[in-house]
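A short write-up of the structure that comes next.
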Amino acid sequence: MIKIEAIVRPERIGAVVDAMDAAGCGGYNYVNVTGRGKQQGIEVFTGRGASTTRRMALPKVLITTVIEDSKKEAVIAAIVAAARSGDEGNIGDGKIFVSHVAEVVRVRTGERDGDAL
Amino acid sequence: MIKIEAIVRPERIGAVVDAMDAAGCGGYNYVNVTGRGKQQGIEVFTGRGASTTRRMALPKVLITTVIEDSKKEAVIAAIVAAARSGDEGNIGDGKIFVSHVAEVVRVRTGERDGDAL
Amino acid sequence: MIKIEAIVRPERIGAVVDAMDAAGCGGYNYVNVTGRGKQQGIEVFTGRGASTTRRMALPKVLITTVIEDSKKEAVIAAIVAAARSGDEGNIGDGKIFVSHVAEVVRVRTGERDGDAL
Amino acid sequence: MAEANIAWMLVASALVLLMTPGLAFFYGGLVREKNVISTLMYSFVSLGVVSVVWVLWGYSLAFSGGNEFIGTFNALGLKGISFESGPDGAVPEAMIVIFQMMFAIITPALITGAFAERFKFSTYLVFLVVWITIVYVPIAHWVWYTDGMEGGISGWIYGIGAADFAGGTVVHINAGIAAIVAAAMVGRRRSIDKGIEPHNVPFVLLGAGLLWFGWFGFNAGSGLAADGVAINAFLVTNTAAAVAGLVWVIAEYQQAGKMSGVGFATGAVAGLVAITPASGSVGVMGSIGVGLGAGIITYLAVRMRHLLKVDDALEVFAVHGMGGIWGALATGIFAVGGLGMIDGEFGLFWANLRATLATIAYSGVMTIIILKALDVIPGLGLRAVEREEDNGLDVSFHGERAYVSDGAD
Amino acid sequence: MAEANIAWMLVASALVLLMTPGLAFFYGGLVREKNVISTLMYSFVSLGVVSVVWVLWGYSLAFSGGNEFIGTFNALGLKGISFESGPDGAVPEAMIVIFQMMFAIITPALITGAFAERFKFSTYLVFLVVWITIVYVPIAHWVWYTDGMEGGISGWIYGIGAADFAGGTVVHINAGIAAIVAAAMVGRRRSIDKGIEPHNVPFVLLGAGLLWFGWFGFNAGSGLAADGVAINAFLVTNTAAAVAGLVWVIAEYQQAGKMSGVGFATGAVAGLVAITPASGSVGVMGSIGVGLGAGIITYLAVRMRHLLKVDDALEVFAVHGMGGIWGALATGIFAVGGLGMIDGEFGLFWANLRATLATIAYSGVMTIIILKALDVIPGLGLRAVEREEDNGLDVSFHGERAYVSDGAD
Amino acid sequence: MAEANIAWMLVASALVLLMTPGLAFFYGGLVREKNVISTLMYSFVSLGVVSVVWVLWGYSLAFSGGNEFIGTFNALGLKGISFESGPDGAVPEAMIVIFQMMFAIITPALITGAFAERFKFSTYLVFLVVWITIVYVPIAHWVWYTDGMEGGISGWIYGIGAADFAGGTVVHINAGIAAIVAAAMVGRRRSIDKGIEPHNVPFVLLGAGLLWFGWFGFNAGSGLAADGVAINAFLVTNTAAAVAGLVWVIAEYQQAGKMSGVGFATGAVAGLVAITPASGSVGVMGSIGVGLGAGIITYLAVRMRHLLKVDDALEVFAVHGMGGIWGALATGIFAVGGLGMIDGEFGLFWANLRATLATIAYSGVMTIIILKALDVIPGLGLRAVEREEDNGLDVSFHGERAYVSDGAD
Ligand SMILES: Nc1ncnc2c1ncn2[C@@H]1O[C@H](COP(=O)(O)OP(=O)(O)O)[C@@H](O)[C@H]1O
Ligand SMILES: Nc1ncnc2c1ncn2[C@@H]1O[C@H](COP(=O)(O)OP(=O)(O)O)[C@@H](O)[C@H]1O
Ligand SMILES: Nc1ncnc2c1ncn2[C@@H]1O[C@H](COP(=O)(O)OP(=O)(O)O)[C@@H](O)[C@H]1O
């Protein structure tokens, strides 16, 4: 089994999870993170309005799903399609990381691995 | 060393960490996530009360602990026992993912791996 | 490629990400977690002031960065130096976990692996 | 006696002022996290802009002489306004300037619920100045201006005998109509198809609580005296709010088996809206009728609005527009002679109907014209661009994030 | 003069109304995140239900004639209530209807702290109607009703010469006793063994601030006039709150080396509770005594309550019950003749003790009976089922989540 | 008439009281999450401590007889204070005790913005007692005390003809100077170099809303009567706040293309500060001038303060110090004779300048002395130790965390 971790824009989360559903993900979880990549950050005020600062790290959402190896490319393609903003994509659209998972357990039943997904 | 990531119901977090302590976990960390698996979601109001929508993803807690390989089964058993709701377990009780960790460093001392746990 | 996950004190996050930048990290993301290791926790009031309890788990920040293998030691050294509190370090300063990442995809371009970092 | 009335009206004015922050939180809680400062600021900045407009020319144009349709420039900068009490305990005109100012402040703030989460903030500042001057001020003149003399001059709606005790037409119908028009012109929010949950329900209830509290100033202050009329207005205001709030949660319970905090708050505000024009002329039993009707009508109006494509984000039309229209007509239905205020109920009903229609027509048409103009003027424009909307108006227009945690945030 | 009193009483009534939202936030901040809307709504919906009950039959049963024990149905729907001021500046009866209504609204809301996080919301609505009618109304009649005539009729507690200026027995002891009884009957919350931290301390302080502010209406309004008695009530109210708040944080500092925000807020509320019955009859030095006693007694009461198995979640019994009992007795101890209100202090002490015991007995017994009945009536029942409680009452009963972030939440 | 004035002053006092919770939220929203309870408590506990100091000895020392420089101990514990109204509707002295108390409560709370996020809470309690007694009380005596008799005794600043209607010197300049001095002595916060974002902007706006609301009591109550002077004060207060708030957001827009919520709130408060001494003597056009000046001056003052090494965390000096100084001088510039209050404007300017300089000197020097003393007294000390500051003052001094989520938090 593999774990796919995708970091996407917060406003894309709805579209991304729908695409993942369609691509056959049995489950997922997501969390708000603060992240920084090539994106330039945003200007924010600090110190009661009289000065601004560049906040480099921006709000993103990290979605994690564990799937069977066979679904990997389908899920990646689904996420990429749904997470891209505009036609060309923009800096800050996100990254996807894939890693191996050794075992999965379903708490309810104690089932393991493939059966637990 | 292995990393155990367990997704459980928020109200179970106290019981689960106690069970992990008892099973010999030296440390852990947890974070609130929003997740969706086989559970059906809940009805919530949207748009000022006049219509409801089904919120598919629900609040869960993701607990992460890195342990020596030898403790794996004990810790999994402890989590499963503590996280299950009711006698039979219910949909939404959670999942456990196990993966490999290559190295561990303790910031305070710079110790590595087994010593750092 | 490898993934470095560092758990540090919240007040250190600024220093740590600066050090990571300097050590050549191309991106990172972080999230607030609640964690417990060897640190003793803190006293908090509970039940309307008349009694206190020891809250074992404390606020920490989990920073995650995916880098090329070659940068591993530089980044770890940078994090350790920036995250340590006081000269000697203190209990609760944090832990670093290193694991393998199989693949990376950049959402914007679809580039993979090294090119995507 | 004048001193007692002044004492009460100072407080009533302060209470109405507090309604604008109250509204800010009511609305602010209903939007998404990334737009809460923007939503709060739509209301707060009205405290800034309209206060200034009012003392410079707004009050003068609305309330200093003139003809049936508009006042004069005689009291620009409040020149010549008296601080002396009149006969029979009448409060000084300056007191009325203040009290009326608070109504002018909150009215455009009400509208903002319709175009929340997407209206461009700098354009909104211009909108405030223009809309107050050419929409609000004339309607206020029509409904409330009178020189008090036998055969003297008064606004034309006042002249036909319509009764709007505390601002059902001037404030609520006016704002409700402007709201639906604005929502249509500004267009739907991006990505609202899944339904947006309020980001902070406690703020909604905080706002509702402050509105309920402040509304006692709004209605019980509108007689400009601390007397039996004020007491009656206070009582019926509270009763209508209570009834309409209950109607909403009962309706929700019928429909979905739940009773939401947002629903109770919305219903209570709808009751407050509906009782506003009626609070000087209905009794406590009448106010139960007003509240029942307000609850049912606005609940259905919200449900029907959901069928439209118009994205009146916070249901301003349903609550203030429909609630206000119901209130104006209900005033005719439930008014009682007992308090020595109103006699002919049937005439009142028709007068109020005419007042309502006139307000709808004028507010609707003028708001369209204003927004069209603002849309085409270079450098203005009504709507945030896509990226600004996606990132949230807080960051885009205000350079702030509402909530920042330590560590990650 | 009547106008001045009306001016003040309109405001005082609005201030007391605001206490209910204030209480909502005070309580709402103390519970867990998943139950905050539920806790807010217990208070807010009382604004809805009790307002209606009060104007329909509550006021009539409590204050329109009758015998020593209960009023009549003569003023159902407020029939015949006067809006005219009485002699010597007495405010119109309608003003008293309003002011008293606000007390009736907040009393059951106070109780809800005891069974927060687990009481079934739909049953609570029924409880409100029943409890106000058969517990609150009679006690209010006993303590406050008088026809004002020499040898005329008055409530029996009034008759024995007990002094409850602003509602120590009727509101606080009554609510405190009902609270502990209800907590015992509803049972302990699931999984409270590790101790529950308040989910939003700023809300607790916001609520405490609004309560402190509103309490000036509660106490200084209870003389129904803007006079020296009101000024004294205002002064002693503030002083007792200040002293009791300080006692709490000092006690915490002794015990744990910290001074908590929740502790200060709780202590201040305890001081406000205790001064309530006394605020018409003690001077400023006496109020320091009342505040000191209130701080110490309620602090110890909370500690002792922790030893019990009864899960009075937000310490309503300790703060309002014990604080109220202390206040009733302290009124006898610290009352001064100087303000021309009270003479015989010893007689007062005994009268207040009898009033306290009667309130405890009646409120306790009747609340048990009511809850037992609600528990067994099919379709009602007191408590959320396990799953509802685990998921949180907000989602289970209100279909809402209090806080929703953008992206994940 | 006295009753009407009492009615108003009871409310005005309650309004000013509410400003302290308002300030708490204004400040509390501006700090980091880990210090919000601490910041709230600096204000709330002043309600506790100063209320007690004031009734025990503060009022007596400030307002009961004495000489040009200080009062007496004659009214310790408010002994002999009258609850009877005076001639011509003058409110009872006890009413003034209360109203003045509210000013004494908020003044040290204002200072806390300077040393927020690092001042030791237990030392702060001692600071409150000492600072009120030896800094606030004398200045209040100088500026406001008069025995009212021809050739009688009054405070020396009152004697030279300075006009501080509602506390520009006593409250704002005093607090602003103490603030900058305290910030310098306590030292900079650890790790502020990246700029700290406010953790909760809605709280900042909530606080600003409550301050604006309460300030009507502060200024319009300062004439101690419900009359034309109060109406004027109300009007100019609102106008100055509106103008200065707008100046801030416009300035920000020029500079950064954004208009922040914190900026509007800060500007509005600056306008309220500046109009405070002037509100009894300027008209509405003058108040626009006062507001414009206040906005510009405080905006520049904040920018300049950023160049200093002094970490006046929440800009108390810039807003209250500079805003207050501008207000004192502007009173001389914009005062009008029309309201029958002030004649010689030039003399007034110089008198106010002297008053300002005296306040600066006395407040600055005495605050330094007090803080030095507190720093060296064993067991006290001004500042949290490193670990306490890093963990946040909420956990370190109050044993609480502001926000606790279910599950992880
Ligand atoms: N090497 C990395 N490790 C961890 N997270 C990363 C890494 N690079 C990017 N991210 C996350 O992905 C988000 C988007 O990355 P960004 O570089 O802006 O996109 P792009 O590569 O398309 O320009 C960042 O905000 C950050 O949260
Ligand atoms: N494949 C998965 N990848 C990531 N998270 C998952 C996955 N499946 C389930 N989860 C998480 O686990 C939680 C519980 O899963 P659920 O399917 O409801 O339990 P069960 O399998 O017992 O029915 C979900 O809410 C989600 O957060
Ligand atoms: N085995 C572990 N697995 C996951 N997280 C851990 C583990 N050990 C420690 N942590 C995290 O690291 C933080 C710091 O650990 P701690 O034990 O206090 O430091 P130290 O080892 O230097 O004493 C903890 O609060 C927790 O969040």
Side-chain angles (χ1 to χ4, degrees), chain D residues 1-8 10-11 13-15 17-18 20-22 24-25 28 36-37 40-41 44-45 47-52 55-56 77-78 81-85 91-92 94-95 97-98 101 121-122 125 200 203 206 210 226 394 396-406 409, chain F residues 1 3-5 7-8 11-12 15 32-34 89 197-202 205-206 208-210 212-214 216-217 220 225-232 234-235 238-239 241-243 245-246 249 252-253 256-265 267-268 283-285 287-288 339 392 403:
Chain D
M1 188 168 149
E3 287 82 4
N5 293 339
I6 293 174
W8 166 234
L10 288 168
V11 184
S13 302
L15 288 173
L17 181 124
L18 189 65
T20 297
F25 277 84
V36 53
I37 295 173
L40 292 168
M41 279 292 278
F44 270 87
V45 90
L47 284 168
V49 173
V50 180
S51 291
V52 175
V55 300
L56 288 183
L78 302 186
I81 297 296
S82 166
F83 287 78
E84 302 292 321
S85 302
V91 296
M95 190 71 251
V97 172
I98 293 174
M101 175 165 63
F121 194 72
S122 50
L125 296 184
N200 196 318
F203 278 178
L206 175 64
L210 292 178
D394 291 0
S396 300
F397 294 145
H398 305 282
E400 296 177 309
R401 289 178 323 127
Y403 313 107
V404 174
S405 302
D406 299 332
D409 53 71
Chain F
M1 189 167 145
E3 287 81 6
N5 292 339
W8 166 235
V11 184
L15 288 172
R32 284 168 293 178
E33 203 177 22
K34 64 183 175 183
E197 289 177 74
H199 94 284
N200 196 317
V201 176
L205 286 166
L206 175 64
L210 293 177
W212 193 318
F213 176 63
F216 293 126
D227 57 11
V229 174
I231 296 173
N232 184 67
F234 194 116
L235 184 61
N238 190 71
T239 308
V243 170
L246 292 178
V249 289
E252 288 181 340
Y253 195 70
K258 316 238 147 128
M259 302 187 176
S260 74
V262 170
F264 184 73
V284 72
M285 297 311 289
S287 72
I288 294 181
L339 295 165
Y403 313 107

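In the text below, chain A, chain B and the rest are named by the order of the sequence lines, each starting its count at 1. Because the structure is predicted, anything quoted here is derived from the model rather than measured. Just the heavy atoms: all of them, side chains too, but no hydrogens, waters or symmetry mates, feed the values below.
- With a 4.5 Å cut-off on non-hydrogen atoms, F:Asn200 touches chain D through its backbone and its side chain both.
- Comparing D:Pro21, D:Ser85, D:Gly77 by heavy-atom pairs within less than 4.5 Å of chain F, the highest count is held by D:Gly77.
- Heavy-atom pairs under 4.5 Å with chain D were tallied for F:Phe264, F:Phe216, F:Tyr253; the largest tally goes to F:Phe264.
- Only the side chain of D:Leu125 comes within contact range of chain F, with at least one heavy atom under 4.5 Å from a heavy atom of that chain.
- Checked against a 6.0 Å centroid threshold, the rings of D:Tyr403 and F:His199 do not count as neighbours.
- Closest approach of F:Ile231 to D:Ile98, counting heavy atoms only: O-CD1, 3.5 Å.
- Using a 4.5 Å cut-off between heavy atoms, D:Val91 makes no contact with chain F at all.
- Listed options F:Ala225, F:Ala7, F:Ala226 were ranked by heavy-atom pairs under 4.5 angstrom with chain D; first place goes to F:Ala226.
- Using a 4.5 Å cut-off between heavy atoms, D:Val50 makes no contact with chain F at all.
- When each of F:Ala265, F:Ala241, F:Gly261, F:Gly217 is scored by its heavy-atom pairs under 4.5 Å with chain D, the top score falls to F:Gly261.
- With a threshold of 4.5 angstrom between heavy atoms, D:Phe25 approaches chain F through side-chain atoms but not through N, CA, C or O.
- A pairwise comparison of heavy atoms in F:Glu197 and D:Arg401 identifies OE1-NE, 4.0 Å as the closest pair.
- Both the backbone and the side chain of F:Leu206 come within less than 4.5 Å of a heavy atom of chain D.
- Looking at D:Ser82, neither its backbone nor its side chain comes within 4.5 Å of chain F, counting heavy atoms on both sides.
- Across F:Gly392, F:Ala220, F:Gly257, F:Pro202, the residue that shares the most heavy-atom pairs under 4.5 angstrom with chain D is F:Pro202.
- Looking only at heavy-atom pairs under 4.5 Å with chain F, the residue among D:Ile37, D:Asn5, D:Ile81, D:Val97 that has the most is D:Ile37.
- The two residues F:Met259 and D:Met41 have their closest heavy-atom pair at O-CE, 4.3 Å.
- Side-chain contact between D:Met101 and F:Leu235 is present, with at least one heavy-atom pair separated by less than 4.5 Å.
- With contacts defined as side-chain heavy-atom distances shorter than 4.5 Å, the pair D:Phe44/D:Thr20 does not qualify.
- The shortest distance between side-chain heavy atoms of D:Met95 and D:Ser13 falls below 4.5 Å.
- Interface remark: of the candidates D:Leu10, D:Leu210, D:Leu47, D:Leu10 forms the most heavy-atom pairs closer than 4.5 Å to chain F.
- Pairing each heavy atom of D:Val36 with each of D:Asp394, the nearest pair is N-OD2, 3.2 Å.
- D:Leu17 and F:Trp212 make their closest contact through CD1-NE1, 3.6 Å (heavy atoms, listed as atom of the first residue, atom of the second, distance).
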